[in-house]
Amino acid sequence: MTPRLSLYLPGDTPLHRARADWKLSVLLLAGIGVFLVRSPAVLGPCAGLAAVALLSVRTPPRQLARHLTGPFVVLALVPAAAAVFQSAATAVTVGLRLCTLLLAALAVTLTTRTSDILDVLERALRPLERTRLVNAAAVGLAVSLALRFIPEAFHRFHDIREAQAARGLSGSPVALLVPLAVRMLKSAEDIAAAVDARCYPPPAARHTERGGAAAAPPPARSPAPAGRKDEEATG
Amino acid sequence: MRVTLDAVTVRFGSRAVLQDLTLELSEPRIGLIGANGSGKSTLARLLNGLVLPGEGTVRVDGLDTAEDARAIRKRVGFVFQNPDNQIVLPIVREDLAFGLKNTGVPRREIPERVERQLAHFGIAHLADRPSHALSGGEKQLVALAAVLVMRPELVVLDEPTTLLDLRNRNVIRAAVAALPQQAVVVTHDLDLLTGYDRVLVLDEGRVVHDGKPRIAVPWYVEHCS
Amino acid sequence: MRVTLDAVTVRFGSRAVLQDLTLELSEPRIGLIGANGSGKSTLARLLNGLVLPGEGTVRVDGLDTAEDARAIRKRVGFVFQNPDNQIVLPIVREDLAFGLKNTGVPRREIPERVERQLAHFGIAHLADRPSHALSGGEKQLVALAAVLVMRPELVVLDEPTTLLDLRNRNVIRAAVAALPQQAVVVTHDLDLLTGYDRVLVLDEGRVVHDGKPRIAVPWYVEHCS
Amino acid sequence: MTSSHTPRRRAARRRMETKDVVLIALFCAIIVVLGLVPPVDLGVAGVPITLQTLGVMLAGAVLGPVRGALACALVVLLTIAGLPVLAGGRGGFGVVPGPTGGYLLGWIPGAFVTGLLVTVLATRPRSRPARQAATVVACLVGGILVVYALGVPWTSVSTGLSLRQSTVTALYFLPGDAFKAVVAGLVAQNVRQAYPIERR
Ligand SMILES: Nc1ncnc2c1ncn2[C@@H]1O[C@H](COP(=O)(O)OP(=O)(O)OP(=O)(O)O)[C@@H](O)[C@H]1O
Ligand SMILES: Nc1ncnc2c1ncn2[C@@H]1O[C@H](COP(=O)(O)OP(=O)(O)OP(=O)(O)O)[C@@H](O)[C@H]1O
Ligand SMILES: O=C(O)CCCC[C@@H]1SC[C@@H]2NC(=O)N[C@@H]21
Ligand SMILES: [Mg+2]
Ligand SMILES: [Mg+2]
C-alpha cells in the first residue's frame, strides 16, 4: 500500500562490501570526468566497466529490468535525439556518457544502504558546519522526519481523498491539497513539541552552536506564543 | 441494509490482517471489539470500500465495493478513528456544509440542516471556530456531526468515544442509540455496547466470537485481558 | 519533584483557557480530569514548558519553565494525546533511541536500554516495524515506551489509554502504577485513577475540585455528566 | 535568559528552530507524495511531467523563501541518497547527470524565488483577488522561469542538444507547468488564510 522507501538490495558482493564513501567519491569523479572527455575510445571502456559493475551486483534479473526501464528510456531517446538534431558522433558520445553514469549510479544505489549514504553526506557537510550555514544534526533530523512522514503524508492524502469521496467530492486538486497542507502545518506544531520534549538537539550539536542552553528553541509563550500566534490571526 | 463478506482476506505486505472472513451484517446495531491490531479498523474500512479485499468480495446491498465504491460511499457514512483526517474545511460550519453541497442538497436548506445538527449535538457554539484549533473531544463531535448531517443509510464508527468526556460520551451514546440508521461501531469502550443486537470479537484477523453483547462482552473480558 | 503554578493564566487569542491557577503538585500520582476543552492538555503542557504562561509562573523544582525549558524537559517526560505526531522516527527502534541520543546516553548503552523497554511493554516484536504501519494502540504503546526509556523524574501523560484494548490498558495501568517516578495523568478513563493520591477536576480553565479520587471522581461524575 | 531575549531576538530569529526543521521535512514529504500519487507519464526523452513542481511552488509560497528552498534541497538530498522519491519511483545518484538533473536542482532556487515574490507581491494588496493573482504570478516566475533557467542548459550539456533545441523540449512542459502554477497559487492563498504561519 505504501511505497517501498529504498532501492537498496541486500547482498554480499564486492560492491556491497566496498565502503560507501569510496563508492560515492568514485561516482562523483566519474560524473565530472565523463563530461570532460569526448572520445568514444575512452568512453566506451568506461561504459563497459560500469556495466560489469552493475552485473557484479547480481540483482535478480526481473528487478534489474525494472530498475533499468527508466535509464533505458533515457539511453534510447537521448542519443536518438542527438543523432537527429546533431551528428552521429555526438550521439555516440552522449550515449556512452549517460550509459556510464546511469549504470554506475544504479550499481552504487543498489549496493549501499540509505543510512550509509546519509552518513557520508553528513560527513561531507561537516566542514560546512563550521561556516554556521549548515547544522549537521538538523540535516539528520530533517532526513529522518521526512522518511517518517512520507508514508504518513501518503496516508493522509488518501484519508483526505477518501473522506472527501465519502462526502461526495472527487478529484479537485485545490480541495485536496488545501487540507493536506493545513494538516501538515498543524501537525508540525505537535511534532516539533514532541521533538523538543525529547530534548532535541543532541549535546554534540549544541556545542557547535554558541552557548549550550541558547540552542534550546525558545518555547511558545502565550498569549503570543511563537508556535501558536499564527493561529490567532485566523480569529 | 445488508453487508456481506465472502471469504475475505486482506494482506498488508505478507501479513494477513484479515483471514478468510465470511459474514453477513444486517442487524441495526453491531459492535466490533478485539485486541489492538486484531483488524477491527481494517474490517470497518472494508465496509465502504476504503480498503478492498485482496481475496473474496464485500457487497453492500448487492453492490461490490471493488466496483461501485462511489455509490456505496454515498450510503455508508464513515467516522474515522482520528478525527483530524476527516475534517476537511477550516471552519466548523463550512465543514458540515461541505458534504451537503457535494451531494446536491439545495443551497437554501444547507444552513438550516447544519445548524440543526450542531444544536442536536450541543456544539452550536463551535460553528464559527477554526476546526484545527478544537480540543480533541470537540473535533470528534464535529467529525461525527459532519457524517450524520448527510443522513447515510449505514454509519460505521471507528472508536467514536475515545477522546470524549463523560457528558459527550453520553451525547454520542445517545446519538448512536437514536440513529434511525443501521450502525457498526468499533470500540474499546465496552459500556457502549449495551443494548446492541450483535457483537463480533476479532482476534488476529478472525472472528472468534459472535453473539449478543450479554454473552460476547464477558467472553471478551475473560479471554482477552 | 515539586511543580508549582503561581497565578497562571493562559490565553489563546482573547479566550482565557486557563484562569489564574495557583497550585502545588508534589504527590506521586496525580489525575487530571474535566470536560472536553476544559484546559487539561494545556495545563499538562505547562508542566514542561511546551506552553508558557501568559501571566504568572510555572516552576519545576524551582526552575522557571520560561527560562530553563531544556533542563526541565530532561526531567519531565511528556506523552502526547495523539501518538501519530509523537513518533518522530521511521522505525520503532530508532524512535526509542532518539531521546537517549539527545540526552547524551553513551552509544553502547542505547540498544540495550531500548530492548529492555520494549520487552517490558511486551512489544519487542514491533522493534523493527515502520512506525507508520502500526495500529492505533500499538502507536500509543510505542509513544509511551519512547518517553519512559529516558527515565524522566516526572511523567506527564495526556490520555495514555484512549486507543488501547483491555489487555494493553492493563499493561499501561500497571506500568504507570509501577513507575518509580511521579506521574501526572490526564484522562477520561476514570477507572485509571483508583489508588491515585490526588485528582484535580478542571472546568473552563479553573480547578473546581481537588482531592482524593474516592471523592473527586464521584463528584465529577455527578456534576459533569 | 528571558530578560536577554530582546537584544538577542534578531540573532535568534535566524537560527533554525525545531519547528522549521519539521516544516521543511513535512513539505519535502508533500513534494514526494505528489510524485507518487497521480499516474506519471514518462514523456519525451524520459523526462517526466510531474505534479512535484506543484509541491515546489507550494513550498516556496507557503513556507517562504528559505524554508521552501530547504524543503526542495532535502528532496534533492534524498534523491542522491538513492531513495525513489521522484515521480515514477525514480531516484539515485544517476538522476543528477541525466537530462532532468538541472530541473531537479532548479527546484531549490525556484522555491526560493517563489517565496520571495510572494513576500514582496502578495502580502501588500488589499483585495483577495489581487493577492490571489500575485501568488499565481510568483509561482509562474519561481516555479517555471527559474527552474527552466537551470533545467534547459543542463539538458543541453547532458544530451548534446543545442541550447535552442533544449528550449524547444522545455515547451513540452510549459502548459502543464502553467496549470500547476495556477493551482499552486490558489492552494497557497487558501492555506495561508486557513492557517497562517510566519514566512521566512
Ligand atoms: N497501512 C498498513 N500497512 C501495513 N500494516 C498495516 C496497515 N494498517 C494496519 N496495519 C496492520 O494491520 C493490523 C491490523 O490493523 P487495524 O488498524 O485493523 O487494527 P485494529 O484492530 O483497528 O487495532 P486498534 O485497536 O489498535 O485500532 C495491525 O497489526 C497493523 O499494524
Ligand atoms: N492552539 C490553540 N489555539 C486556539 N485555541 C486552542 C488551542 N489549543 C487549545 N485551544 C482551545 O483551548 C481550550 C482548551 O483546550 P485543551 O486542549 O487544553 O482541552 P482539554 O481539556 O485537553 O480537552 P479534551 O478533553 O477534549 O482533550 C479548548 O477550547 C480549545 O479549543
Ligand atoms: O523527476 C526528475 O527527473 C527531476 C525533475 C524533472 C521534472 C521537470 S521540473 C520542470 C518540468 N515540469 C515537469 O512537469 N517536469 C519537468
Ligand atoms: Mg483501529
Ligand atoms: Mg486534551
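Letters A, B, ... are given to chains in the order of the sequence lines, protein chains preceding strands, and every chain is numbered from 1. What you are looking at is a predicted structure, and each value in this text was computed from that prediction instead of being measured. These values consider heavy atoms only, across backbone and side chains, with no hydrogens, waters or symmetry-generated copies.
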Quick check against the 3.5 Å criterion: does His16(A) have a side-chain atom that pairs as donor or acceptor with the backbone of Leu9(A)?
yes

If one checks every heavy atom of Val62(D) against chain A at 4.5 Å, the contacting part turns out to be side chain

Under 6.0 Å from the CZ atom of Phe35(A), do we count more than 12 heavy atoms belonging to anything else shown?
yes

Q. Between the side chains of Ser158(D) and Arg97(A), is a donor N or O closer than 3.5 angstrom to an acceptor N or O?
A. no

Checklist entry - Below 4.0 angstrom, N of the basic side chain to O of the carboxylate: do Lys19(D) and Asp196(A) qualify? => result no

Highest number of heavy-atom pairs under 4.5 Å with chain A among Gly160(D), Ala184(D), Gly94(D) belongs to Gly160(D)

Honestly, the part of Ser162(D) sitting under 4.5 Å from a heavy atom of chain A is both

Practice problem: Apply side-chain contact (heavy atoms from CB on, under 4.5 Å) to the pair Val141(D) and Val137(D), showing each step before the final yes or no. | Solution: CA-CA 6 Å; Val141(D) 176; Val137(D) 169; 4.3 Å; yes

Under 4.5 Å to a heavy atom of chain D? For Val108(A) that would be neither

Turns out that what part of Leu185(A) lies under 4.5 Å from chain D's heavy atoms comes down to both

**Request:** In sequence, state the C-alpha distance, the side-chain angles, and the governing distance for Arg192(D) and Val118(D), and then conclude on side-chain contact (heavy atoms from CB on, under 4.5 Å).
**Result:** CA-CA 11 Å; Arg192(D) 290 187 323 132; Val118(D) 169; 3.9 Å; yes

In terms of heavy-atom pairs under 4.5 Å with chain D, the winner among Leu28(A), Leu180(A), Val94(A) is Val94(A)

Note to self: Do Leu117(D) and Val113(D) have side chains that approach each other closer than 4.5 Å (heavy atoms only, starting at C-beta)?
What the structure shows: yes

Could you walk me through whether Gln52(D) and Trp107(D) pass the side-chain contact (heavy atoms from CB on, under 4.5 Å) check? CA-CA 10 Å; Gln52(D) 292 189 310; Trp107(D) 287 356; 3.5 Å; yes

Max heavy-atom pairs within cutoff under 4.5 Å with chain D, candidates Leu98(A), Val195(A), Thr90(A), Thr93(A), goes to Leu98(A)

Here the ring pair (Phe, Tyr, Trp, His ring centres under 6.0 Å) pairs for residues 140-163 of chain D, sequence neighbours left out, are Tyr103(D)-Tyr148(D)

Expected contact set for residues 68-78 of chain D against chain A at heavy-atom separation under 4.5 Å reads Leu74(D), Leu77(D), Leu78(D)

When the 4.5 angstrom heavy-atom criterion is applied to Leu54(D) and chain A, the contacting part is side chain

### Query
Are side-chain heavy atoms of Thr50(D) and Leu86(D) found at a separation under 4.5 Å?
no

